Q: 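Sharing a structure here in structure tokens format.
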2 protein chains.
Amino acid sequence: MTEDAFLAGLRKRLAPAHRRLVLGIGDDAAVFRPQPGRDLVFTTDMMHEDRHFLRGYPADAVGWKALARGLSDIAAMGARPEFTLLSLALGAWAKEKWVHRFYDGFLALAAAHGLPLAGGDLARAAHTSLDVVVAGSLPRGAAFRRDGARPGHRIYVSGLLGGGSLGLRQPRNRSARLRHLRPDPRVALGLALRKRALPTAMLDLSDGLSTDLRRLLLASGVTAHLDGEIPRFPGATEDDALHGGDDYELLFTVRADARVPASLAGLPLTWIGTIHAGNAGLCLRHGHPLPPRGWDHFVEHRTP
Amino acid sequence: MTEDAFLAGLRKRLAPAHRRLVLGIGDDAAVFRPQPGRDLVFTTDMMHEDRHFLRGYPADAVGWKALARGLSDIAAMGARPEFTLLSLALGAWAKEKWVHRFYDGFLALAAAHGLPLAGGDLARAAHTSLDVVVAGSLPRGAAFRRDGARPGHRIYVSGLLGGGSLGLRQPRNRSARLRHLRPDPRVALGLALRKRALPTAMLDLSDGLSTDLRRLLLASGVTAHLDGEIPRFPGATEDDALHGGDDYELLFTVRADARVPASLAGLPLTWIGTIHAGNAGLCLRHGHPLPPRGWDHFVEHRTP
């Protein structure tokens, strides 16, 4: 049972869409529409000891990354982050010093985005784990979804890929290590893309290009031809760039006639492929199927 | 380090209140104010294997209770539940059948409250744990907080206390066991109390009367004289009623001249004490200090 297969099964069990719930399970974030105001978007992400981090990781990096993952989802919706909630379960080994350093990292990234920590939950447990909720807002109906890619649309990616994976493999590579431990969620880019109304579909690259692109293709019911060069983080292999997780760049599609700047919000934007009619979810790289070999949260992985 | 002491320390580290964040850490839920519309309230609650439930518990009861805890927080704010998010980490022992029964319970309670599951996160982990977010809405400024109790106000509790604790001690007592495994969050009562604008302060009883009342007293900076008889669940001891958790009744204060009906939304309302000026957090029961002996999420407990 993969995560995507399980979610597909679950979705069938859920009640039909709620009056004010515009977008439910299966995107980067849920969209809630209060009566008059702006739409609100919500995302929730868990991290578990030994799966997403190790005891030996710098505690402030764990806190930073915990929030970065949620902020990246908010960025992928094109929303402005509004507040965050943190549920933290502490294993016996996580002493007061660790907890304070964890908050150092979490609150540093929150402060960088003017984001208040609005509440949460705290407990002792057998293992250290946490769950972060980030809420954002945006104009009514303006959220970027995964299901808007149509044949002819062009596929773009921000920044350079493979750095997260490289930093995991080569901890001595400082810039890659930083990329792995303290990813920089692309909030400003998400807002800039919304301002220009460029994307027809968008998501963030958290689990690897091959796996995340497949999600966009499945949601939109289309095929991709991924024939462009993938912009690579210095030192990263093609495999890192295609399948490595933890990059937190944005992947989006635009109409063929859209004018996409070479860079936006300080990040290069690279045309890497094109959407075609065809099997939903299929991605062809130079004519050959590209299997989704990124991170699946429902299969056993180990953090090295 | 207790949970309350830790939270007090944490609160000092947080940035000053955000423009649209009306109420932050330290109440049952956070309150967010979108520009024009209704206020939104958010609560998040974790549950961990071996701490909040055992593998042998009926999976649907675990799912039910996971949502009930959050709904109870929303009820305590006097809000209408709007949607929920569920993050679920599954230990290797939790097979597909368990997961489906878990959702049976979760979705049954959600359906009873017309509540859509808007999204969440799903992963495999070493232990089974989960985090539930419930969002609710209410008119601007109408949320019931913990800090509004003033000298002279009367302390009320809904329903009968001690059933949750009794059901944990005596699994063969069916009605108490049901109370423990499938608590019934007092959403309708919370809404009815808001309609009458009765409470000056309110919270839900999740960790035990002595511990939860102390939180209200600390937040309001007052003392309580708890001299009334505590309405007890059939078979529950005075200790169950004073210190037992998992009752999910509402505890609230009202002005001395308020007209409180004997029952509301089908639940008895009982006057159990009075607020006095004095040491913040102190509760006197028949003249003697009542120590907070309920559940502290930050101290090691075991689920029997």
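Every value quoted in this text rests on a predicted model; they were computed, and no experiment measured them. Just so it is clear: chains get the letters A, B, ... in the order the sequence lines come, proteins before strands, and each one is counted from 1.
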Q: Atom OG1 in Thr43(A), atom CG in Asp121(B): separation rounded to 0.5 Å?
A: 7.5 Å

Q: Under the rule for salt bridge (charged side-chain N to carboxylate O under 4.0 Å, His left out), what residues qualify as partners of Asp212(A), not counting sequence neighbours?
A: Arg215(A)

Q: When rounded to the nearest 0.5 angstrom, what distance separates CG in Leu40(B) from CZ in Phe83(A)?
A: 7.5 Å

Q: Give, for atom CG of Leu122(B) and atom OG1 of Thr44(A), the distance between the pair rounded to the nearest 0.5 Å.
A: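 Spacing of CG (Leu122(B)) from OG1 (Thr44(A)) equals 11.5 Å.
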
Q: Who passes side chain to side chain contact (heavy atoms under 4.5 Å, CB included) against Ala68(B), sequence neighbours left out?
A: Trp64(B), Leu109(B), Pro183(B), Pro185(B)

Q: Can you tell me how far apart CG (Asp45(A)) and OG (Ser87(B)) are? Round to the nearest 0.5 Å.
A: 7.0 Å

Q: How long is the gap from NE2 on His48(B) to CZ on Arg124(A), to the nearest 0.5 Å?
A: 11.5 Å

Q: Enter the distance from Met46(A):CE to Leu88(B):CG here, rounded to the nearest 0.5 Å.
A: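 Reported value, rounded in 0.5 Å steps: 6.5 Å.
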
Q: For the residue pair Ala125(B) and Arg51(A), what are the closest heavy atoms and their distance?
A: CA-CD, 3.6 Å

Q: Would you say the side chain of Phe42(A) lies within less than 4.5 Å of the side chain of Leu85(B), judging by non-hydrogen atoms?
A: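 The answer is yes, as the side chains (C-beta and beyond) meet within the 4.5 Å cut-off.
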
